[in-house]
Amino acid sequence: MVAVTIEVADAPAKGRYEARDGDALAGIMTYQVTGNIIAFTHTEVFPDHEGQGVGGAIARRVMDDARAAGRTVVPVCPFLAGWLERHPEYSAIVVTDHRRVK
């Protein structure tokens with residue numbers, strides 16, 4: 001098995017975070033920002049990189065960035081919602097009832 005080094009960066013012009021393994025795009029997480037609220041809408045890990053921790057690397061980066069920016073997170077994406085259930089350290093910035101987003 002070849003070790004991968006995943007770098008995750010925000011690509012705001014595209015409205016997404018991108019995970020890269022060298023020059024190869026390994027996965028993405030799309031988002032929408034409204035004021036101080038960021039809604040993460042979709043996560044996709046590309047087939048060549050499945051099972052290598054790419055989704056988790058993206059999730060941790062987006063949540064760390066949201067926390068640092070003082071944003072409230074709405075996890076519309078089922079992958080991120082599931083990941084957050086296993087990472088309660090982010091619960092203070094996560095909206096769990098979307099009807100109450102203000």
Side-chain angles (χ1 to χ4, degrees):
M1 182 173 184
V2 176
V4 296
T5 302
I6 300 299
E7 298 289 330
V8 180
D10 189 5
K14 297 177 182 177
R16 69 186 192 186
Y17 277 78
E18 297 178 343
R20 294 190 174 276
D21 176 15
D23 291 335
L25 188 60
I28 62 168
M29 185 177 292
T30 59
Y31 64 84
Q32 296 176 343
V33 176
T34 303
N36 205 33
I37 297 169
I38 187 164
F40 292 102
T41 55
H42 177 71
T43 303
E44 185 172 354
V45 174
F46 301 117
D48 288 350
H49 291 88
E50 289 178 352
Q52 299 176 27
V54 173
I58 297 170
R60 186 164 304 282
R61 174 64 189 271
V62 303
M63 293 305 298
D64 287 346
D65 283 4
R67 180 187 287 159
R71 289 193 165 133
T72 299
V73 172
V74 180
V76 177
C77 168
F79 172 82
L80 183 60
W83 187 90
L84 286 167
E85 288 176 5
R86 296 183 307 279
H87 294 85
E89 64 269 25
Y90 295 103
S91 63
I93 63 168
V94 177
V95 173
T96 56
D97 183 350
H98 299 189
R99 293 174 293 180
R100 299 181 63 191
V101 175
K102 297 214 188 258

Q: Identify the two heavy atoms, one from His49 and one from Ala26, that lie closest to each other, and give their separation to 0.1 Å.
A: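 Heavy atoms of His49 and Ala26 come nearest at CG-CB, 3.5 Å.
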Q: Could I get the full list of salt bridge (Lys or Arg N to Asp or Glu O under 4.0 Å) partners for Arg71, not counting sequence neighbours?
A: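 With sequence neighbours excluded, Arg71 shows a salt bridge (Lys or Arg N to Asp or Glu O under 4.0 Å) to no residue whatsoever.
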Q: Between Ala19 and Val54, what is the shortest heavy-atom contact and its length?
A: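 Closest approach of Ala19 to Val54, heavy atoms only: CB-CG1, 3.7 Å.
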Q: Show me, pair by pair, the donor-acceptor contacts under 3.5 angstrom made by side chains of residues 33-43, not counting sequence neighbours?
A:
unit_1, atom_1, unit_2, atom_2, d
Asn36, ND2, Gly70, O, 2.9
Thr41, OG1, Thr30, O, 3.4
Thr41, OG1, Thr30, OG1, 2.6

Q: Return the set of residues passing ring-ring contact (aromatic ring centres under 6.0 Å, His included) with Tyr90 (not counting sequence neighbours), or none when no residue passes.
A: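 Tyr90 satisfies ring-ring contact (aromatic ring centres under 6.0 Å, His included) with Trp83 once adjacent residues are dropped.
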Q: Got a second to check how far Leu80's CG is from Ile58's CD1, nearest 0.5 Å?
A: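 Nearest 0.5 Å value for the CG-CD1 distance: 10.5 Å.
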Q: Just list the side-chain donor-acceptor pairs under 3.5 Å for residues 6-15, sequence neighbours left out, or say none.
A:
unit_1, atom_1, unit_2, atom_2, d
Asp10, OD1, Tyr31, OH, 2.6
Asp10, OD2, Tyr31, OH, 3.4
Lys14, NZ, Glu18, OE2, 3.2

Q: Rounded to the nearest 0.5 Å, what separates atom CZ in Arg20 from atom OG1 in Thr5?
A: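 Reported to 0.5 Å precision, the distance equals 15.0 Å.
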Q: Is there a path of hydrophobic side-chain contacts, each under 4.5 Å between heavy atoms of I/L/V/M/F/W/Y residues, joining Val45 to Val62?
A: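 Yes: a chain of side-chain contacts under 4.5 Å links Val62 to Val45.
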Q: Do Val74 and Gln32 make a side-chain contact, defined as non-hydrogen atoms from C-beta onward lying under 4.5 Å apart?
A: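 No, their side chains stay 4.5 Å or more apart.
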Q: Going by the salt bridge (charged side-chain N to carboxylate O under 4.0 Å, His left out) test, which pairs reach into residues 35-62, not counting sequence neighbours?
A: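 Residue pairs with at least one partner in residues 35-62: Arg60-Glu89, Arg61-Asp65.
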